[in-house]
Number of protein chains: 2
Amino acid sequence: MRHHQIHQHPHHDHPLHRAEFPGFGRGGEFPGFPPFGPRRRPKGDVRAAILAILAADGVEAVNGYGIMKAIGEQTEGAWTPSPGSVYPTLQQLVDEGLIAPTGEGRKTEYALTEEGRAYTAEHAEELASWATAQRPSDAARALMESAGRLMAVLGQFRHAATDAQRAAAAEQLDATRKALYLILAE
Amino acid sequence: MRHHQIHQHPHHDHPLHRAEFPGFGRGGEFPGFPPFGPRRRPKGDVRAAILAILAADGVEAVNGYGIMKAIGEQTEGAWTPSPGSVYPTLQQLVDEGLIAPTGEGRKTEYALTEEGRAYTAEHAEELASWATAQRPSDAARALMESAGRLMAVLGQFRHAATDAQRAAAAEQLDATRKALYLILAE
DNA sequence: GATGCGTCAACGATATATCGCTAATGTTCG
DNA sequence: CGAACATTAGCGATATATCGTTGACGCATC
């Protein structure tokens with residue numbers, strides 16, 4: 001069993017036992033719309049993407065967060081790697097001597113070493129392949145936008161709605177869900 | 001202007017300038033359903049909640065993340081304070097001598113000091129008021145659940161759908177959005 | 001009492017990092 | 001070639017922390 005965040009006296013009925021609480025999460029939120037694209041990138045893509053971004057013309061140093069954002073932008077939203085994959089890979093590249101960090105903590109940035117420059121020049125083609133990740137189609141984009149607009153309206157049911165209005169909204173959503181199943185069944 | 005994540009040569013047309021990219025964010029995601037409850041808690045509530053949680057029977061030490069989760073659980077989802085408010089407040093309480101940290105980095109936990117114990121015993125009533133935050137009504141919960149189920153179905157349009165199906169789904173969502181506006185207009 | 005100003009705590013965004021799980025790939029064996 | 005096994009990189013969850021913005025509250029003044 002994982003280490004608990006809360007150290008408790010083992011004989012007390014304390015209020016913080018995980019199993020006793022409804023899993024509501026953060027203030028009524030629930031997962032947003034998941035990203036398009038494959039569930040998982042091929043091995044090596046995170047590494048390739050980092051190197052390609054650091055090797056790009058005009059780029060001197062980039063922080064970890066910036067690398068994630070750049071990948072997301074260059075794939076037009078098709079793929080934004082998570083910190084869980086980016087930071088270990090950055091460290092690995094440091095260990096390999098291809099990149100070097102400057103600054104500490106929040107100010108940490110990474111740049112290619114000379115060795116890294118030579119490596120990326122020699123493997124430019126391999127390091128570019130991730131950027132051709134399949135883009136969301138126009139229909140997929142439009143669907144995401146529609147879902148976004150729907151969520152925005154739902155946001156108004158937080159404060160400025162009666163419970164009767166909320167009940168009516170829930171009915172609408174349930175009907176829409178059924179309609180979506182029918183569409184998927186085609 | 002804020003410090004840029006990417007240090008670039010100022011005279012190149014580099015691919016990472018923020019203004020040149022569509023704001024797609026992480027792989028097609030967009031904001032989820034925002035939480036119920038006031039936009040902002042009254043001043044002092046974060047402090048009170050932290051002290052109350054650390055003072056609860058059976059609680060010895062709690063990490064920052066655990067405090068956030070505990071508050072969310074005890075308010076039944078009505079309020080989960082963000083790291084931006086919890087960590088500074090924890091540090092402030094440390095500076096005041098009411099709590100003390102043990103461990104470092106990911107292992108950091110916080111417990112009341114003796115002074116903190118005396119303080120919380122003396123101010124128990126004040127420190128309990130946040131826990132009465134207004135709960136989401138049953139109708140609000142049901143709406144959140146409906147929205148969650150709808151998003152789950154939408155998740156299937158990521159991979160297992162044609163563009164024609166996506167277009168049909170978008171039409172459904174747009175119709176639902178209009179219906180929600182009508183409900184709000186009542 | 002009403003208004004304006006100053007302060008500061010709460011928030012969302014930014015940013016780093018690790019952990020446990022598991023999907024995916026490569027290797028070995030029959 | 002197919003199946004089984006081993007390895008490891010990618011992912012989501014966990015966890016810490018800071019920064020810039022701003023909402024809310026208290027105080028002073030009229």
Side-chain angles (χ1 to χ4, degrees), chain A residues 1-6 18 23 25-27 29 31-32 34-35 37-50 62-72 79-96 101 103-110 130 133, chain B residues 1-6 18 23 25-27 29 31-32 34-35 37-50 62-72 79-95 101-110 130 133:
Chain A
M1 188 58 184
R2 286 217 48 240
H3 175 70
H4 284 258
Q5 294 99 334
I6 302 184
R18 187 174 303 167
R26 179 179 167 83
E29 282 187 10
R39 291 182 192 278
R40 194 179 274 228
R41 299 297 309 181
K43 286 186 182 178
D45 265 17
V46 175
R47 185 170 183 282
I50 292 171
V62 191
N63 70 4
Y65 194 72
I67 282 169
M68 289 177 242
K69 292 184 71 173
I71 294 171
W79 173 44
T80 305
S82 67
S85 48
V86 167
Y87 286 106
T89 309
L90 283 168
Q91 185 55 53
Q92 197 174 50
L93 289 166
V94 169
D95 294 344
E96 289 177 42
E104 291 193 346
R106 278 177 82 87
K107 296 191 173 73
T108 309
E109 289 179 332
Y110 297 90
W130 58 275
Chain B
M1 185 60 182
R2 283 219 50 241
H3 176 70
H4 283 260
Q5 293 100 336
I6 302 185
R18 186 174 302 166
R26 179 179 165 81
E29 281 187 12
R39 292 181 192 279
R40 194 179 271 230
R41 299 297 309 181
K43 287 187 181 179
D45 264 18
V46 174
R47 186 172 183 279
I50 291 171
V62 191
N63 70 6
Y65 195 72
I67 282 170
M68 289 176 244
K69 293 185 69 174
I71 295 170
W79 173 44
T80 304
S82 67
S85 48
V86 166
Y87 286 106
T89 309
L90 283 168
Q91 185 55 53
Q92 197 173 51
L93 289 167
V94 169
D95 295 343
T102 58
E104 292 194 345
R106 279 177 83 88
K107 297 190 172 75
T108 309
E109 289 178 333
Y110 298 88
W130 59 274

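Reminder, nothing fancy here: chain letters follow the sequence lines and each chain counts from 1.
Atoms CD1 (B:Ile50) and P (D:dT16) sit 12 Å apart, rounded to a whole Å. We find that CZ of A:Arg47 is positioned 14 Å from P of D:dT8, with the value rounded to whole Å. Following rounding to the nearest Å, B:Ile67 (CD1) and D:dA17 (P) show an atom-to-atom distance of 11 Å. A straight line from CZ of A:Arg40 to C1' of C:dA23 spans 4 Å, rounded to a whole angstrom. One can place CG of B:Asp95 at 15 Å from C1' of D:dA17, the figure rounded to the nearest angstrom. Regarding B:Glu109, its CD atom lies at a distance of 16 Å from the P atom of D:dT14, rounded to whole Å. Atom OH of A:Tyr65 is separated from atom P of C:dG12 by 14 Å (rounded to the nearest Å). Atom CZ in B:Arg41 sits about 17 Å away from atom C1' in C:dG12, given to the nearest Å.
Applying the 4.0 Å criterion to OP1 and OP2 of D:dG10, one finds that A:Thr89 has a side-chain N or O inside that range. The side chain of B:Trp79 contributes an N or O atom lying less than 4.0 Å from OP1 or OP2 of C:dC11.
Set against D:dT14, D:dG12, C:dA10, the side chain of B:Val46 has C:dA10 as its closest nucleotide. Checking D:dT18, D:dG10, D:dC25 against the side-chain heavy atoms of B:Pro83 singles out D:dT18 as nearest. Closest to the B:Tyr87 side chain, of the nucleotides D:dA17, C:dT16, D:dC11, is D:dA17. Across D:dT18, C:dT16, C:dC11, the shortest atom-to-atom separation from the side chain of B:Ser85 is found for C:dC11.
At a threshold of 4.5 Å between non-hydrogen side-chain atoms, the residues B:Asp45 and B:Trp79 count as touching. For the pair B:Trp130/B:Ile71, a side-chain contact is recorded, criterion being any heavy-atom separation below 4.5 Å from C-beta on. Here the side chains of A:Tyr65 and A:Lys69 are in contact, with some heavy-atom distance below 4.5 Å. By the 4.5 Å heavy-atom criterion applied to side chains, A:Leu90 and A:Ile67 are counted as neighbours.
Both A:Lys107 and B:Lys107 sit near DNA chain D, but only B:Lys107 has its closest nucleotide nearer the 5' end. Ranked by how close their nearest DNA chain D nucleotide is to the 5' end, A:Asp45 and B:Gln91 are led by A:Asp45.
Once rounded to the nearest 0.5 Å, the distance linking CD1 of A:Ile50 with CG of A:Leu93 reads 5.5 Å. The CE atom of B:Met68 lies 8.0 Å from the OG atom of B:Ser85; values are rounded to the nearest 0.5 Å. A distance of 13.0 Å separates CD of B:Glu104 from CD of B:Glu109, quoted to the nearest 0.5 Å. Once rounded to the nearest 0.5 Å, the distance linking NZ of B:Lys43 with CZ of B:Arg40 reads 8.0 Å.
Checked by distance alone, A:Arg106 brings a side-chain donor or acceptor within 3.5 Å of a matching partner on the base of D:dT18.
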What N/O pairs connect the protein and nucleotides 3-8 of chain C at under 3.5 Å? Give each pair on its own line.
unit_1	atom_1	unit_2	atom_2	d
C:dC8	O2	B:Lys43	NZ	2.7

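Here A:Gly84 lies in heavy-atom contact (under 4.0 Å) with a base.
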